[in-house]
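No experiment lies behind these values; they were computed from the predicted model shown.
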Amino acid sequence: MNELGLGAETARGTGARNGGAPSGDSPAYGVPAVDASASEAWASWRTDLAAAVVRERGAEPFAEQPEAPAGVLRERLLAALGTMPAAREAAARTDGEWTRDGVDGTELSWDCGYGPRTRAWLLRPAGEAGVLPGVLAMFEHGGVKLAGREKLADGPHGLTGEVAALVRASRDSAYGGRAWAEDLARRGAAVLVHDVFGFGSRRLPEDNPPQRLTEAQAAKVAGLLGASWAGLIAGEDLLALSVLRSLPAVDGGRVAAVGMSGGGARAGALRVLAPELRAAVIVAMMSTLGALIPDHADTHAWTWLSPGIGSAGDWPSVVGSWTENPLLVQYGLEDPLFPRDGMEAADAQLRRRFAAHGHAANYTGSLLPVGHVFTVEMQDAAWAWLGRVLGF
């Protein structure tokens, strides 16, 4: 089984149609080619299709790129994500304030240029009046779109009603029951947790039908318009970063992003698109792309696996773009959403990229015997790492 997940059912072939790839018994670019003659049935439609793409391109998709300039990877990702209609900057309006459980909170909102106002909470240590480093707290997908920022913080009045039941179940399974954006704020950071396209205050007008059905419909419409669900979210995250850096009580030169699962995908994309992001923590959301084929792609949402995303390069190489900015990745080796070999290969790929650019010490990879979670222990380790990097 190779990096594309292509196994013994793929036979040797004639190589690439354009470019003279090796033929016969010599694997083309390390990937066995499919026999040129058609059979009566698919061996495996996913592996057959992947091998055919290799033949057509004359090279493997998802190529590792340890030495590619970060700016080139950024432009490739921008092209893959499509149009981002969100505003580049916005004036945040203060809608309320509160203090509870050691946290000073501010309700913020802003206009991103389409749809309802984005609602957000800024969280700080209670009583702290000084300038603090800033962190964007990015919530997971989790199949729950009714809630957004509530997944990571309780807000001014605590959680009530349907949202409370959904969020508490999600937190218990993924976060050890902790509202981790509030916990991080108590440690000494200014934490902004904001809703994005499709979630919370930005959710689509629906009566909560099966989530994947609505997501697929929205993703198709976005694609027709030359955009993507992942690109819409990335544009709104860029705007939120701009808002965070503009706040007078935030040190705009010391900002980071943290996310688990779908939030980790968002943090990874933002790390590429915004070189001003000083650091990032990605949890339970890192693998080589080829390892997802054939068995793991469908476990992920349109909010990450956007059409064409692989054309930017293999995900670890792309996310590792700006090696001068520290990166922590926490892998769960028992995570059912990713194959173990894909996670281990991603860790090795990131190490090679950071080393190739002379910044080996800026990458920290933790391969842990856990599932698809961001446990309290993992959070504590991440906050200690962030504290060292950002200085809090």
Side-chain angles (χ1 to χ4, degrees), residues 73-74 77-90 92 108-123 134-142 145 147-153 181 184 189-203 215 218-219 222 227-247 250 252 255-283 285-286 301-306 309 312 315 318-319 321-322 325 327:
L73 294 173
R74 179 180 183 274
L77 183 59
L78 281 169
L81 292 174
T83 301
M84 297 180 186
R88 299 297 182 265
E89 56 185 29
L108 299 175
S109 67
W110 58 83
D111 179 8
C112 80
Y114 60 101
R117 292 181 70 83
T118 297
R119 304 288 174 177
W121 292 329
L122 178 69
L123 312 171
V135 178
L136 281 182
M138 297 176 154
F139 54 80
E140 81 287 358
H141 184 297
K145 300 189 179 74
R149 63 200 185 281
E150 298 91 349
K151 296 179 180 182
L152 305 184
L184 179 55
V191 181
L192 183 67
V193 53
H194 64 287
D195 293 336
V196 292
F197 179 79
F199 295 86
S201 61
R202 300 276 295 158
R203 67 183 180 272
E215 186 166 315
S228 67
W229 193 311
L232 294 174
I233 289 178
E236 295 184 25
D237 285 338
L238 283 167
L239 177 57
L241 177 62
S242 173
V243 169
L244 177 64
R245 297 183 71 217
S246 73
L247 298 175
V250 173
V255 290
V258 180
M260 176 258 180
S261 190
R266 292 167 57 195
L270 188 64
R271 186 181 188 279
V272 184
L273 301 176
E276 63 270 27
L277 195 70
R278 179 73 179 93
V281 178
I282 298 172
V283 182
M285 199 64 186
M286 183 59 67
W302 291 92
T303 51
W304 176 42
L305 289 188
S306 184
I309 195 77
W315 189 242
V318 175
V319 171
S321 54
W322 307 96
N325 295 330
L327 170 64

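Ring geometry for W229 versus F199: interplanar angle over 60°, hence perpendicular rather than tilted (30 to 60°). Below 30°, between 30° and 60°, or above 60°: for F197 and Y114 the angle between ring planes is between 30° and 60°, a tilted geometry.
With values rounded to the nearest 0.5 angstrom, H194 atom NE2 is found 10.5 Å from L152 atom CG. Taking SG of C112 as the start and CZ of R117 as the end, the distance is 10.0 Å to the nearest 0.5 Å. The CD1 atom of I282 sits 9.5 Å away from atom CE of M285, with the distance rounded to the nearest 0.5 Å.
Between the side chain of E150 and the backbone N or O of G148, at least one donor-acceptor pair lies under 3.5 Å. Between the side chain of K151 and the main chain of H141, a donor-acceptor pair closer than 3.5 Å is present. No side-chain donor-acceptor contact under 3.5 Å links R245 to the backbone of V243. No donor-acceptor distance shorter than 3.5 angstrom exists from the side chain of N325 to the backbone of A280, with no hydrogens or angles considered. With R266 contributing its side chain and G259 its backbone, the two residues share no donor-acceptor pair below 3.5 Å. Judged purely by atom type and a 3.5 angstrom limit, S228 uses its side chain to pair as donor or acceptor with the backbone of G231. In this structure, R271 contributes its side chain and V318 its backbone to no donor-acceptor pair below 3.5 Å. Remark: side-chain polar atoms of R203 are paired, donor with acceptor, to backbone N or O of G200 under 3.5 angstrom.
The shortest non-hydrogen separation linking A153 to W121 is O-CZ3, 3.3 Å. Residues W315 and A265 come closest through the heavy atom pair CZ2-O, 4.0 Å. Of all non-hydrogen atoms in S261 and E140, the two that sit nearest each other are CB-CB, 3.9 Å. The two residues S321 and V272 have their closest heavy-atom pair at OG-CA, 3.6 Å. Residues A234 and L273 come closest through the heavy atom pair CB-CD1, 3.9 Å. Here the shortest heavy-atom pairing between L238 and A274 reads CD2-CB, 3.9 Å.
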Report task. Check the pair L77 / L73 against side-chain contact (heavy atoms from CB on, under 4.5 Å), numbers first and verdict last. Result -> CA-CA 6 Å; L77 183 59; L73 294 173; over 6 Å; no
Requested in this report: Would you sort out whether E276 and V255 count as a side-chain contact (heavy atoms from CB on, under 4.5 Å), showing the intermediate values?
Outcome: CA-CA 8 Å; E276 63 270 27; V255 290; 5.5 Å; no
Query raised in the report: Can you check salt bridge (Lys or Arg N to Asp or Glu O under 4.0 Å) on D195 and R149, steps first, answer last?
Result: CA-CA 6 Å; D195 293 336; R149 63 200 185 281; 2.5 Å; yes
Report task. Output, in order, the C-alpha distance, side-chain angles, deciding distance and verdict of side-chain contact (heavy atoms from CB on, under 4.5 Å) for L81 and I309. Result -> CA-CA 7 Å; L81 292 174; I309 195 77; 3.9 Å; yes
Report task. Please lay out, stage by stage, how L232 and M84 fare under the test side-chain contact (heavy atoms from CB on, under 4.5 Å). Result -> CA-CA 6 Å; L232 294 174; M84 297 180 186; over 6 Å; no
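Proximity of V196 to R202: side-chain heavy atoms (C-beta onward) are nowhere separated by under 4.5 Å. Looking only at side-chain heavy atoms (C-beta outward), S242 and R88 stay at 4.5 Å or farther from each other. Annotation: side chain of L241 is in contact with side chain of L270 (closest heavy-atom distance under 4.5 Å). Between M138 and V258 the shortest side-chain heavy-atom distance does not fall below 4.5 Å.
The one candidate from V135, L244, L192 that meets the side-chain contact (heavy atoms from CB on, under 4.5 Å) condition with V250 is L244.
Donor-acceptor pairing under 3.5 Å is lacking for the side chains of S201 and R119.
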